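Beneath this line is the structure, given in structure tokens, with notes to follow.
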Amino acid sequence: MVVAKRLVSFQGDILRRQQARIQIMSELTGPAQQRLFRRLLLAWFDAHARDLPWRRTADPYAIWVSEIMLQQTRVNAVLDHYARFMARFPTIAALARAEEPEVLAVWSGLGYYRRARMLHKAAQVVAGSLAGKVPETAEALRELPGIGEYTSAAIASIAFGDSVAAVDGNVERVVLRLTAMEPAANGKRVRETAQALLDRDRPGDFNQSMMELGAVICLPKNPLCLECPVQMLCRTRGEHPTTARKEMQTKDANYAFLKREKRRNFVEILLEKRPSDASLMAGMWELPHLAAGTADPNRLLLSLRHSITTTNYKVSILGYAPDEEQSLPKSKARKWIKAEALADLPLTGLARKALKRLGFLHGTVSNGSLVKTTAADAFNPLFP
DNA sequence: CACGCGTGGTG
DNA sequence: TCACCAAGCGT
């Protein structure tokens, strides 16, 4: 708190002292302005960077894993999974020789499961044809599945000191605000500006500091300009381009919940595996899916909401007795799973959420998307 | 190049 | 509460 106040005061002083130069400085065009920008930004980063596990390692594999997990995913959501993933697959070799379902099980809950599959495949490429050595340039990294323009630049700069700017959503927003560039004049000019600003001596730290600035100061909605270390170099001071939003649609989805108790303390849940060629969450386990319109309100165990990209699902979980299995739509991939084994299965996020609410999974993650829970005991003994 | 892919935090 | 969206990639 004290530090924050001092920082604000310090920024204020600088701002006042350089008031007269703002018009020139704000262009960020000359080498002097760019040097000042680097110095201010990196000094701020050195003093305020969050202490994150992947910043405590020089292992290219660990940095790689963190970058894949961080794609479109917030730091807080990654922390937990990162620790579990690295504990289970500490090396490229360990990941490469794992079976895909286990990789998916550890990834379960993070979303974008294709990332896990591609990371797994890429690890097998590195362990195999690259003799275990992670490529050391952005260009070479780009060849691996799951590593695109941003991620290749991030890994190359952070792990190997390659002087290439990493431009993610944060950096794009920061550059647009700094330069007052029109968002339509996008991509290329933003990358050129980021590359021109890049600190050649500390490319990894510079890239992370740009992202950190976007993540904690130069926020999308209400940027904290008073705390910004490069405020006096910024053309817009927080104005930002409006982005068109996509229309969300709402759909219903129904799933069946069946449990049986073979003997005391041996409970099984009926699950089904999604086809391995499904476009969505292929090969992952979920509760038996019921056709739309078949939901009997008397069977409702719980209802919850679940959003997938542009669709909001209103999900109903319906209770059935174990001997009603035949009445479900036919499926080859259905199987009774021991309750204790659930945690080791690659479950879809929705199945995980529902099983947690039903008391069959115990994890750290829980959220407020539960809409309603009925007293299932009122109509049958299915509910624990 | 626009779109599909997941999830949990947040104001 | 709920709409929005966050360290992108592949097609």
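Within every chain, numbering begins at 1; the chains are lettered A, B, ... in the order of the sequence lines, protein sequences first and strands thereafter. Computed over heavy atoms, backbone and side chain alike; hydrogens, waters and symmetry mates excluded. Note that the structure is predicted; figures quoted are calculated from it, not measured.
In this structure, A:Leu110 reaches the bases: a heavy-atom distance under 4.0 Å links it to at least one base atom across the strands shown. Using a 4.0 Å heavy-atom criterion, one finds that A:Leu52 contacts the bases of the nucleic acid, with or without backbone contacts as well. Looking at heavy-atom distances under 4.0 Å, A:Thr348 makes contact with sugar-phosphate atoms alone, never a base. Using a 4.0 Å heavy-atom criterion, one finds that A:Gln208 contacts no nucleic acid atom at all. Within 4.0 Å of A:Trp54, counting heavy atoms only, lies at least one base atom of the nucleic acid. Counting non-hydrogen atoms under 4.0 angstrom, A:Arg50 reaches a base of the nucleic acid. Within the nucleic acid shown, A:Gly214 has no heavy atom closer than 4.0 Å to any nucleic acid atom.
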Task: Evaluation steps, side-chain hydrogen bond (donor to acceptor under 3.5 Å, both in side chains), between A:Tyr320 and A:Glu325 - done: CA-CA 8 Å; A:Tyr320 286 79; A:Glu325 182 181 349; over 6 Å; no
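Listed nucleotides B:dG6, C:dG10, C:dC9 differ in distance to A:Gln71; the shortest reach to its side chain belongs to C:dC9. When the nucleotides C:dG8, B:dT7, C:dC5 are ranked by their closest atom to the side chain of A:Thr151, C:dG8 comes out on top. Distance from the side chain of A:Tyr150 is smallest for C:dG8 among the nucleotides B:dG6, C:dG10, C:dG8. If you check B:dT7, C:dG8, C:dA6 against the side chain of A:Tyr112, the one that comes closest is C:dG8. The side chain of A:Met118 has C:dC9 as its nearest neighbour among B:dG6, C:dC9, C:dA6.
The base-pairing partner of B:dC1, taking Watson-Crick or G-U wobble contacts with both distances under 3.5 Å, does not exist among the strands shown.
One can place CD of A:Glu67 at 17 Å from P of C:dA6, the figure rounded to the nearest angstrom. One can place CZ of A:Arg74 at 14 Å from P of C:dC4, the figure rounded to the nearest angstrom. As a whole-Å value, the separation of A:Leu119 CG from C:dG10 P is 12 Å. Atom CZ in A:Arg115 sits roughly 10 Å away from atom P in B:dT7 (whole-Å rounding). Atom CG in A:Leu104 sits about 14 Å away from atom C1' in B:dC5, given to the nearest Å. Residue A:Ile68 contributes atom CD1, which lies 15 Å from atom P of B:dG6 at whole-angstrom precision. Remark: P of B:dG11 and CG of A:Leu224 are 11 Å apart, rounded to the nearest angstrom. Distance A:Met284 CE to B:dC5 C1': 12 Å, rounded to the nearest Å.
When every heavy atom of A:Trp64 is checked against every heavy atom of A:Ala122, the shortest pair comes out as CZ2-CB, 3.4 Å.
Checked by distance alone, A:Arg114 brings a side-chain donor or acceptor within 3.5 Å of a matching partner on the base of C:dC9.
Between A:Glu172 and A:Arg191, none of the side-chain N atoms (NZ, or NE/NH1/NH2) sits under 4.0 Å from a carboxylate O, so this pair counts as no salt bridge. Classification of A:Glu268 and A:Lys338 as a salt-bridged pair fails, no side-chain N sitting under 4.0 Å from a carboxylate O.
The aromatic rings of A:Tyr255 and A:His289 are tilted relative to each other, their planes meeting at an angle between 30° and 60°.
Distance noted for atom P between B:dG8 and C:dC9: 22 Å (whole Å).
A:Ser157 and A:Asn207 share a side-chain donor-acceptor pair at under 3.5 Å.
Where A:Asn76 and A:Gly109 each meet DNA chain B at their nearest nucleotide, the meeting point lying more 5' is that of A:Gly109.
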